[in-house]
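Here's the structure, in structure tokens; my notes come after.
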There are 2 protein chains.
Amino acid sequence: MAEVAWAALSDPARRAVLDLLRQRPHAVGELVQALQLTQPTTSKHLRVLREAGLVRVHGDAQRRIYTIDPTSFAALDAWLAPYRVLWNDSLDALGHHLDRTGTRTRTTRRT
Amino acid sequence: MAEVAWAALSDPARRAVLDLLRQRPHAVGELVQALQLTQPTTSKHLRVLREAGLVRVHGDAQRRIYTIDPTSFAALDAWLAPYRVLWNDSLDALGHHLDRTGTRTRTTRRT
DNA sequence: TGAGCATATGCCAGTCAAGGCATATGCGCG
DNA sequence: CGCGCATATGCCTTGACTGGCATATGCTCA
């Protein structure tokens, strides 16, 4: 199902793209420069991410603005969710008190 | 970093294996039968999962028992975590009240 | 409308993962 | 100690993905 989404995430460059987009929407050119990739390569990665439903293109002008598409991420997380209980249990067992590690629902201030 | 872990998850068969292991540890033979895969293929998938740190082999007798290794999952979730806030916001915006969707730290009761 | 920028696509060669088959290894039992 | 079961590994072929390059497309502006 999420099939393509997982495959998309398996590439480091693509995860890097997402990490940039997570902060703010970017135009292709910005990504090219930030990631030190060639323009065609970047476009191809974006295509993969787009078809995986992980990103969305906004401006259809000359500059195409890419943004994160949260819904697909939700699907990934949904798959991962059942497993979360497992390592939470393990951590508890180890006495890891760290209040909600970094796994909170809405904080994400890290770095 | 998690590099291999993502790649491992990109295969449906492997996710199926994990879904089985999540419920209880399984011997290779059980997986073969449950997933309708050939034995060598299954072993190879298990190898990938093992090297990705997603599973662990317990009994070193004739029957090798595979179990989920929670730690690697934590790494994946850690990467995913920053994105979680994004779709939570979207959902909130849409008026989704559902307290902490299913994203709590220690519940995961959803189906 | 013609030039130029930003982005996408096509084509090609190299690489890598996957499945099928045969076979090797590890282990317990008679 | 030799046999047989459970699992792992090797080899091979095929298909998919990647990056580089050249080039096509879409859009804006003079």
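The sequence lines fix the lettering, A, B, ..., with proteins before strands; numbering per chain opens at 1.
Using bins of under 30°, 30° to 60° and over 60° for the plane-to-plane angle, the ring pair Trp79(B)/Trp6(B) lands in the perpendicular bin.
When the nucleotides dG26(C), dT18(D), dG4(C) are ranked by their closest atom to the side chain of Gln62(B), dG26(C) comes out on top. With dA8(C), dG20(D), dG20(C) as the candidates, the nucleotide lying closest to the side chain of Lys44(A) is dG20(D). Checked against dT7(D), dT9(C), dT9(D), the side chain of Ser43(A) finds its nearest nucleotide in dT9(C). Checking dA6(D), dA8(C), dG10(C) against the side-chain heavy atoms of Val28(A) singles out dA8(C) as nearest.
A salt bridge links Glu3(B) with Arg15(A): the distance from a Lys NZ or Arg NE/NH1/NH2 to an Asp or Glu carboxylate oxygen falls below 4.0 Å. Between Glu30(B) and Arg63(B) there is no salt bridge, since no side-chain nitrogen of the basic residue lies less than 4.0 Å from a carboxylate oxygen of the acidic one. Under the 4.0 Å criterion applied to side-chain N and carboxylate O atoms, Arg50(A) and Asp69(A) are not assigned as salt-bridge partners.
Residue Arg50(B) contributes atom CZ, which lies 12 Å from atom P of dT7(D) at whole-angstrom precision. The CZ-P distance, from Arg47(A) to dT9(C), rounds to 5 Å in whole Å. The CZ atom of Arg15(B) sits 12 Å away from the P atom of dA18(C) (whole-angstrom rounding). Rounded to an integer number of Å, the gap from Leu35(B) CG to dG19(C) P is 12 Å. Per the geometry, CG belonging to Asp11(B) stands 14 Å off P belonging to dA16(D), to the nearest Å. In this structure, CZ of Arg64(A) is placed 8 Å from C1' of dA8(C), rounded to the nearest angstrom. Look at CG on Leu46(A): it is 10 Å from C1' on dA8(C), rounded to the nearest Å. Between Glu51(B) atom CD and dA8(D) atom C1' the separation is 12 Å, expressed in whole Å.
No N or O donor and acceptor, one from the side chain of Gln39(B) and one from the base of dA6(D), sit under 3.5 Å apart.
Nearest-nucleotide positions on DNA chain D place Ala13(A) closer to the 5' end than the other of Ala13(A) and Pro40(A). The residue among Ser10(B) and Glu30(A) whose nearest nucleotide of DNA chain C is located toward the 5' end is Glu30(A).
Residue contacts for Ala27(A): at a heavy-atom cut-off of 4.0 Å it reaches the sugar-phosphate backbone alone, with no base atom in range.
Applying the 4.0 Å criterion to OP1 and OP2 of dA6(C), one finds that Tyr66(A) has every side-chain N and O outside that range. Between Thr41(A) and dG20(D) there is a side-chain N or O to OP1 or OP2 distance below 4.0 Å. At dT28(D), none of the side-chain N or O atoms of Arg63(A) fall inside 4.0 Å of OP1 or OP2 (strictly under the cut-off). Here His45(B) reaches the OP1 or OP2 of dG19(C): one of its side-chain N or O atoms lies under 4.0 Å away.
No more than 12 heavy atoms of other residues, nucleotides or ligands sit less than 6.0 Å from atom CD of Gln33(B).
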